[in-house]
Amino acid sequence: MLGHVLAAVAPLAPERVVVVVGPGMEPAVAPIAAESGLRCTTVVQAERLGTGHAVAAAKEALEGYWGPRGNGDILVVCGDTPLLRTDTLHTMVTMRRGTDAPALLALTFRPADPAQYGRVLVDADGQVLRIVEYADASYDERRIEICNAGIVLGDGPVLIDLIERLGNDNAKGEYYLTDVYALAHAAGHRVRAVEADSHEVLGVNSRAELAAAEAAIQARLRAAVMACGATLVDPGAVWLSWDTRLGRDVTVEPGVVFGPGVVVGDRVRIRAFCHLEGVRIEAGATLGPFARLRPGTELGEGARVGNFVEIKNAHLGPGAKVNHLSYIGDAAVGAAANVGAGTITCNYDGIAKHRTTIGQGAFIGSNTALVAPVTIGAAAIVGAGSTITRDVPADAIAVVRGEERLSRGAAPRFRERRRALKAKAAETADKAKAAPQRADGLGDGR
């Protein structure tokens with residue numbers, strides 16, 4: 001959810017982003033904020049004393065952007081509104097910097113069921129008078145259709161001053177961010193509202209709401225990639241991440257899941273039931289079906305990865321092929337190299353990871369184990385069934401197999417011995433069943 005929200009904020013080019021989290025949440029949330037590409041600082045709201053208190057927790061991190069040393073605007077958005085659109089935020093910024101230049105702007109919406117949302121009270125000129133939380137609202141106030149979306153844009157010094165004046169004399173004993181509107185109106189500041197579509201400001205407070213938000217964002221993401229030239233054979237059966245990038249004329253078959261950090265070039269075909277995360281695929285490559293590409297994987301132009309192949313932290317050069325039932329981890333595979341079915345790179349020795357290098361045009365036979373660190377030279381050949389522990393020079397042939405033993409005519413004798421053993425076992429079992437049993441189940445007592 002945070003990734004979606006930060007992606008919506010990023011085009012505004014904020015000078016500083018402060019992510020406020022609850023106790024114990026920082027280890028999970030801070031890395032996501034850091035990966036956003038924005039200047040993010042994470043602060044912990046040690047006590048959860050309301051939305052206004054949460055904004056106050058960010059005050060120190062915003063030092064220099066408000067007050068005597070700064071006069072920038074402050075935008076407060078909710079981390080649980082992943083459907084928020086950049087266009088809506090742009091509208092708020094444009095109004096804030098327009099001729100009317102209100103000191104505060106509230107984002108509002110009209111849900112089909114207002115439920116327990118805070119209600120927005122406005123005068124005949126459209127000025128926001130105050131926002132009243134549902135728990136504190138009167139019967140008539142609860143009949144108001146315009147609801148608070150929880151998003152605020154305001155003049156930095158004004159907003160911080162209002163935050164510092166918040167009280168907690170309400171039904172919940174919390175410091176409500178929404179109280180800044182009444183304080184601003186009383187102080188003579190201009191306060192306006194921008195109305196958003198109700199789906200855009202859908203908050204996530206339960207597993208059911210999370211599922212509803214996921215369905216909505218998936219529909220939006222699918223429409224976006226198809227509008228940019230990708231083909232989704234069954235859009236409802238493809239799952240995209242907030243940062244998935246698909247090139248033109250890409251074809252994605254059903255059952256494909258894109259985790260974060262996937263970039264796909266033009267004319268790539270991704271067959272059914274593949275899983276990708278942290279991957280870059282160049283133009284013309286083919287993937288799947290039933291392939292898994294893990295973080296750090298790069299497929300060169302025209303590379304081919306087939307069914308039941310797993311690749312992790314590896315680079316496949318242009319035209320390289322890993323077509324069947326293989327694991328390629330911590331490796332570099334040269335251009336036009338062919339990796340046969342059942343090949344694995346033995347990259348982990350129980351303590352550390354090691355790399356495998358396969359040269360350009362090399363041929364790796366089926367069922368080969370490449371024990372890293374190891375290098376297979378350009379145009380070398382490794383025979384099927386080999387376990388390679390030493391480097392193979394360019395243009396060499398390496399075959400490592402146990403001696404094949406041949407006993408002519410031995411197969412019938414082997415089968416006869418197996419049948420005799422099976423018959424004897426069955427006879428023993430029958431005798432055990434036929435033996436008399438005591439009432440206590442302990443045999444015949446002898």
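Not a single donor-acceptor pair under 3.5 Å links the side chain of Thr231 to the backbone N or O of Thr251. Side chain of Glu195 to main chain of Leu107: no donor-acceptor pair is present (N/O by atom type, distance under 3.5 Å, no hydrogens or angles). With hydrogens and angles ignored, the 3.5 Å screen pairs a side-chain donor or acceptor of Thr91 with a backbone N or O of Asp87. Side chain of Thr94 to main chain of His90: a donor-acceptor pair is present (N/O by atom type, distance under 3.5 Å, no hydrogens or angles). Side-chain atoms of Tyr176 do not come within 3.5 Å of backbone N or O of Thr178 as any donor-acceptor pair. Within the 3.5 Å criterion, the main-chain N or O of Ala216 finds no donor-acceptor partner in the side chain of Arg220. Side-chain N or O atoms of Arg16 include one that pairs as donor or acceptor with a backbone N or O of Ala61 at under 3.5 Å. In this structure a side-chain-to-backbone donor-acceptor pair under 3.5 Å is missing from Ser241 to Thr244. With Thr86 contributing its side chain and Ala8 its backbone, the two residues share a donor-acceptor pair below 3.5 Å.
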Which atom pairs, donor and acceptor, lie under 3.5 Å between side-chain atoms of residues 360-374 and protein residues at least two apart or in another chain?
unit_1: Thr368; atom_1: OG1; unit_2: Gly365; atom_2: O; d: 2.7

Show every donor-acceptor pair shorter than 3.5 Å between a side-chain atom in residues 286-301 and any protein atom, with sequence neighbours excluded, or say none if there are none.
unit_1: Arg294; atom_1: NH1; unit_2: Glu310; atom_2: OE2; d: 2.8
unit_1: Thr297; atom_1: OG1; unit_2: Arg294; atom_2: O; d: 2.8
unit_1: Thr297; atom_1: OG1; unit_2: Ile311; atom_2: O; d: 3.1

Table please: side-chain donor-acceptor pairs of residues 378-395 below 3.5 Å, with sequence neighbours left out.
unit_1: Ser386; atom_1: OG; unit_2: Gly383; atom_2: O; d: 2.7
unit_1: Ser386; atom_1: OG; unit_2: Val400; atom_2: N; d: 3.0
unit_1: Asp391; atom_1: OD1; unit_2: Thr375; atom_2: N; d: 2.9

Pairs under 3.5 angstrom only: tabulate donor-acceptor contacts from the side chains of residues 47-55 to other protein residues two or more places apart or in another chain.
unit_1: Thr51; atom_1: OG1; unit_2: Leu177; atom_2: N; d: 2.9
unit_1: His53; atom_1: ND1; unit_2: Gln45; atom_2: NE2; d: 3.0
unit_1: His53; atom_1: ND1; unit_2: Glu47; atom_2: O; d: 3.1

Pairs under 3.5 angstrom only: tabulate donor-acceptor contacts from the side chains of residues 20-38 to other protein residues two or more places apart or in another chain.
unit_1: Ser36; atom_1: OG; unit_2: Ala33; atom_2: O; d: 2.7
unit_1: Ser36; atom_1: OG; unit_2: Leu38; atom_2: N; d: 3.2

Just distance, no hydrogens or angles: give the donor-acceptor pairs under 3.5 Å from side chains in residues 255-280, sequence neighbours left out.
unit_1: Asp266; atom_1: OD1; unit_2: Arg248; atom_2: N; d: 2.8
unit_1: Arg269; atom_1: NE; unit_2: Glu253; atom_2: OE2; d: 3.2
unit_1: Arg269; atom_1: NH2; unit_2: Glu253; atom_2: OE2; d: 3.0

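Between Arg96 and Asp155 there is a salt bridge, with a side-chain nitrogen of the basic residue lying less than 4.0 Å from a carboxylate oxygen of the acidic one.
You'll find the side chain of Leu104 stays beyond 4.5 Å of the side chain of Leu153, heavy atoms only. Using a 4.5 Å cut-off on side-chain heavy atoms (C-beta onward), Asn148 and Arg119 make no contact. Under the 4.5 Å side-chain criterion, counting only non-hydrogen atoms from C-beta, Cys346 is in contact with Ile344. Using a 4.5 Å cut-off on side-chain heavy atoms (C-beta onward), Tyr181 and Val152 make contact. Using a 4.5 Å heavy-atom threshold, the side chains of Ile328 and Val339 count as touching.
Shown here are the side chain to side chain donor-acceptor pair (under 3.5 Å) partners of Asp179, two or more places apart in sequence or in another chain: there are none. Residues satisfying the salt bridge (charged side-chain N to carboxylate O under 4.0 Å, His left out) test with Glu416, not counting sequence neighbours, are Arg419. Tyr117 is linked by a ring pair (Phe, Tyr, Trp, His ring centres under 6.0 Å) to Phe109, counting only residues two or more places apart in sequence or in another chain. Shown here are the salt bridge (charged side-chain N to carboxylate O under 4.0 Å, His left out) partners of Lys431, two or more places apart in sequence or in another chain: Glu427. Not counting sequence neighbours, Asp243 has no partner by the salt bridge (charged side-chain N to carboxylate O under 4.0 Å, His left out) test. In this structure Lys321 satisfies the salt bridge (charged side-chain N to carboxylate O under 4.0 Å, His left out) test with no other residue, sequence neighbours excluded.
Heavy-atom minimum distance, Ala193 versus Thr108: CB-CG2, 3.9 Å. In terms of heavy atoms, Leu84 sits closest to Val77 at CD2-CG1, 4.1 Å.
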- Start with the C-alpha gap between Tyr327 and Asn347, add the side-chain angles, then the distance that decides, and say whether side-chain hydrogen bond (donor to acceptor under 3.5 Å, both in side chains) holds. CA-CA 10 Å; Tyr327 170 70; Asn347 56 327; 3.3 Å; yes

- Item | side-chain contact (heavy atoms from CB on, under 4.5 Å) between Val333 and Thr356, worked out | CA-CA 8 Å; Val333 180; Thr356 297; over 6 Å; no

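Under a cut-off of 6.0 angstrom, the local environment of CZ in Arg401 is crowded, with over 12 non-hydrogen atoms contributed by other residues, nucleotides or ligands. Shown here is Arg355, whose CZ atom has more than 12 heavy atoms of other residues, nucleotides or ligands within 6.0 Å. At most 12 heavy atoms of other shown residues, nucleotides or ligands fall within 6.0 angstrom of atom CD in Glu145. Annotation: His199, atom NE2; neighbour count of heavy atoms from other residues, nucleotides and ligands within 6.0 Å does not exceed 12.
With hydrogens and angles left out, the side-chain atoms of His354 and Asp349 include a donor and acceptor closer than 3.5 Å.
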